[in-house]
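Predicted model only: the values in this text are computed from it and were never measured. Just so you know, these numbers use all the heavy atoms, side chains as well, and skip hydrogens, waters and symmetry mates.
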Amino acid sequence: MEFYSFRFIDMKVAQADTATPKVMAVEIGLGFKAPGQHTVEAIKLTVHVPHDPEKTVSAAEKEAYALAQKLLAAAAEHCATRD
């Protein structure tokens, strides 16, 4: 499969309760296309990064993308061991 598209879908500040720190929930969408197919296969994932009101949106996106890379690498490794 070949990479087709990427986008940040949504970013929300979340907090489970007042005793826990706030996090930024970042939704990321990735699309892939197989040769000879006309449809795009998509993955949508949500990662959580620490919320810092001083952090720029770009910095939060960069941190979320790095976390998504780790998550997808772990998923690919897991899937490679399965039938």
Side-chain angles (χ1 to χ4, degrees):
M1 290 212 163
E2 297 177 5
F3 175 76
Y4 182 77
S5 64
F6 166 82
R7 69 184 179 122
F8 286 103
I9 299 168
D10 198 10
M11 298 177 77
K12 297 178 187 174
V13 175
Q15 186 174 24
D17 57 52
T18 56
T20 61
K22 291 180 180 179
V23 295
M24 180 79 69
V26 183
E27 288 184 16
I28 298 172
L30 298 161
F32 299 89
K33 219 171 167 186
Q37 288 186 348
H38 298 288
T39 58
V40 175
E41 304 298 337
I43 297 173
K44 182 173 127 179
L45 60 130
T46 303
V47 295
H48 299 89
V49 296
H51 176 258
D52 179 357
E54 301 297 317
K55 190 185 309 180
T56 65
V57 170
S58 179
E61 288 176 343
K62 188 174 184 176
E63 192 174 347
Y65 190 75
L67 188 54
Q69 286 176 321
K70 290 179 184 178
L71 176 65
L72 292 171
E77 185 178 309
H78 175 78
C79 290
T81 66
R82 303 289 184 246
D83 291 341

Residue set satisfying ring pair (Phe, Tyr, Trp, His ring centres under 6.0 Å) with Y65, at least two apart, ordered chain then number -> F6

Output all residues satisfying salt bridge (Lys or Arg N to Asp or Glu O under 4.0 Å) with [X], sequence neighbours left out; order by chain, then residue number.
{"X": "D10", "answer": "K12"}
{"X": "E41", "answer": "none"}
{"X": "K22", "answer": "none"}

Not counting sequence neighbours, which residues clear side chain to side chain donor-acceptor pair (under 3.5 Å) with K55? List them please. E63

Hey, could you give me the [atom1]/[atom2] distance between [X] and [Y], rounded to the nearest 0.5 Å?
{"X": "M11", "Y": "E27", "atom1": "CE", "atom2": "CD", "result": "11.0 Å"}
{"X": "L45", "Y": "I9", "atom1": "CG", "atom2": "CD1", "result": "8.0 Å"}
{"X": "M24", "Y": "H51", "atom1": "CE", "atom2": "NE2", "result": "4.5 Å"}

Here the pair of heavy atoms bringing T46 nearest to A25 is CG2-CB, 4.2 Å

Hydrophobic clustering (ILVMFWY, side-chain heavy atoms < 4.5 Å, transitive) - are I28 and V40 grouped together? no

Are V13 and L67 connected into the same hydrophobic cluster when the rule is that any two of I, L, V, M, F, W, Y join if their side-chain heavy atoms are below 4.5 Å apart? yes

Salt bridge (Lys or Arg N to Asp or Glu O under 4.0 Å): which pairs involve residues 66-83, sequence neighbours left out? none

Take L30 and L72 through the side-chain contact (heavy atoms from CB on, under 4.5 Å) test and state the conclusion after the steps. CA-CA 11 Å; L30 298 161; L72 292 171; 3.3 Å; yes

